[in-house]
Amino acid sequence: MRKLPREFYDRDTEQVARELLGKLLVRRIDGVSRIGKIVETEAYLGVHDLASHSSRGRTPRTEVMFGPPGYAYVYIIYGVHHCLNVVTEPEGHASAVLLRALEPVRNIESNTKGPGLLCRALGIDRRLNGHDLTGGELFLSEPERIEPFEIEARPRIGVDYAREWAEKPLRFIIRGNPSLSRK
DNA sequence: AGGATGATATCC
DNA sequence: GATATCATCCTC
């Protein structure tokens with residue numbers, strides 16, 4: 001299993017968001033690996049991006065975003081759902097990629113078509129906030145085989161408050177994949 | 001179209 | 001301490 005190295009995340013966020021498509025997200029619980037293929041991502045570009053949590057400044061919640069790349073930023077949204085991001089670019093840049101949907105590959109029974117649903121299916125919660133993604137219980141890896149696909153860019157979801165940033169095509173999907181989130 | 005449900009940031 | 005807001009999901 002070829003785990004993505006920290007250098008993978010230490011690059012332009014939009015590029016990381018694109019290249020994460022087709023990669024595997026692996027969650028190990030009690031020796032069992034739940035694996036899904038990433039089919040939908042969103043890039044959050046740092047403190048100037050009004051849709052990014054980090055644009056509100058450095059707070060206890062966003063602390064991980066301001067740290068080094070290759071770590072998980074997990075937060076609770078609407079008091080109900082968890083969302084998983086991977087931190088990108090050098091320390092202090094405060095950018096990240098939100099994982100929005102997976103195609104089940106192994107040991108996944110429930111719905112993964114949405115950021116909250118994929119966290120539920122993989123047993124991801126706040127305890128994994130700040131977790132090193134080059135570690136053992138949650139990481140990303142290169143798939144064994146790569147099916148060819150086309151990337152499509154669209155506006156991000158749920159960020160209407162971000163004015164001109166709301167319309168930028170920073171959401172990336174594998175075109176036509178059946179496991180995309182609705183909308 | 002609207003409610004759930006609670007952490008978080010920001011105000012007093 | 002109170003309040004407004006939320007990178008969502010589900011039901012109607």
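Chain naming here is simple, since letters A, B, ... match the order of the sequence lines and numbering starts at 1 in each.
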Original post:
Which base sits across from B/dT5 as a Watson-Crick or G-U pair, both distances under 3.5 Å?
Top reply: none
Original post:
From the list C/dA7, C/dC6, C/dC10, which nucleotide is the closest neighbour of the side chain of A/Asn85?
Top reply: C/dA7
Original post:
Is any side-chain N or O of A/Tyr78 closer than 4.0 Å to OP1 or OP2 of C/dC10?
Top reply: no
Subject >> Residue of the set A/Glu142, A/Glu103, A/Lys37 for which side-chain contact (heavy atoms from CB on, under 4.5 Å) holds with A/Leu24 >> reply: A/Lys37
Original post:
Contact class for A/Val159 (heavy atom, under 4.0 Å): base, sugar-phosphate, or nothing?
Top reply: sugar-phosphate
**OP:** Could you tell me the separation between the CZ atom of A/Arg56 and the C1' atom of C/dA4, rounded to a whole number of Å?
**Re:** 11 Å
Subject >> Position toward the 5' end of DNA chain C (nearest nucleotide), A/Arg182 or A/Tyr44 >> reply: A/Tyr44
**OP:** Identify the two heavy atoms, one from A/Phe172 and one from A/Glu14, that lie closest to each other, and give their separation to 0.1 Å.
**Re:** CZ-CG, 3.5 Å
Subject >> From C/dA7, B/dA7, B/dA4, nucleotide with atom closest to A/Tyr75 side chain >> reply: C/dA7
Original post:
Would you say a side-chain N or O of A/Arg120 is under 4.0 Å from OP1 or OP2 of C/dT8?
Top reply: no
Subject >> Sugar-phosphate, base or nothing in reach of A/Arg61, heavy atoms under 4.0 Å >> reply: sugar-phosphate
**OP:** Using whole Å, report how far NE2 of A/His53 lies from C1' of B/dA7.
**Re:** 11 Å
Original post:
Side chain of A/Ile157: nearest nucleotide among B/dA7, C/dT8, B/dA9?
Top reply: C/dT8
Original post:
Regarding A/Thr62 and A/Ser54, is there a side-chain donor-to-acceptor distance under 3.5 Å anywhere?
Top reply: no
Subject >> Whole-Å gap separating C1' (C/dT8) and CG (A/Leu118) >> reply: 12 Å
Original post:
Rounded to whole angstrom units, what separation is found between the OH atom of A/Tyr73 and the C1' atom of C/dA7?
Top reply: 9 Å
Original post:
Nearest to the side chain of A/His81 - C/dC6, C/dC9, C/dA7?
Top reply: C/dC9
Subject >> For the student: nearest non-hydrogen atoms of A/Arg100 and A/Leu118, plus distance >> reply: C-CD2, 3.5 Å
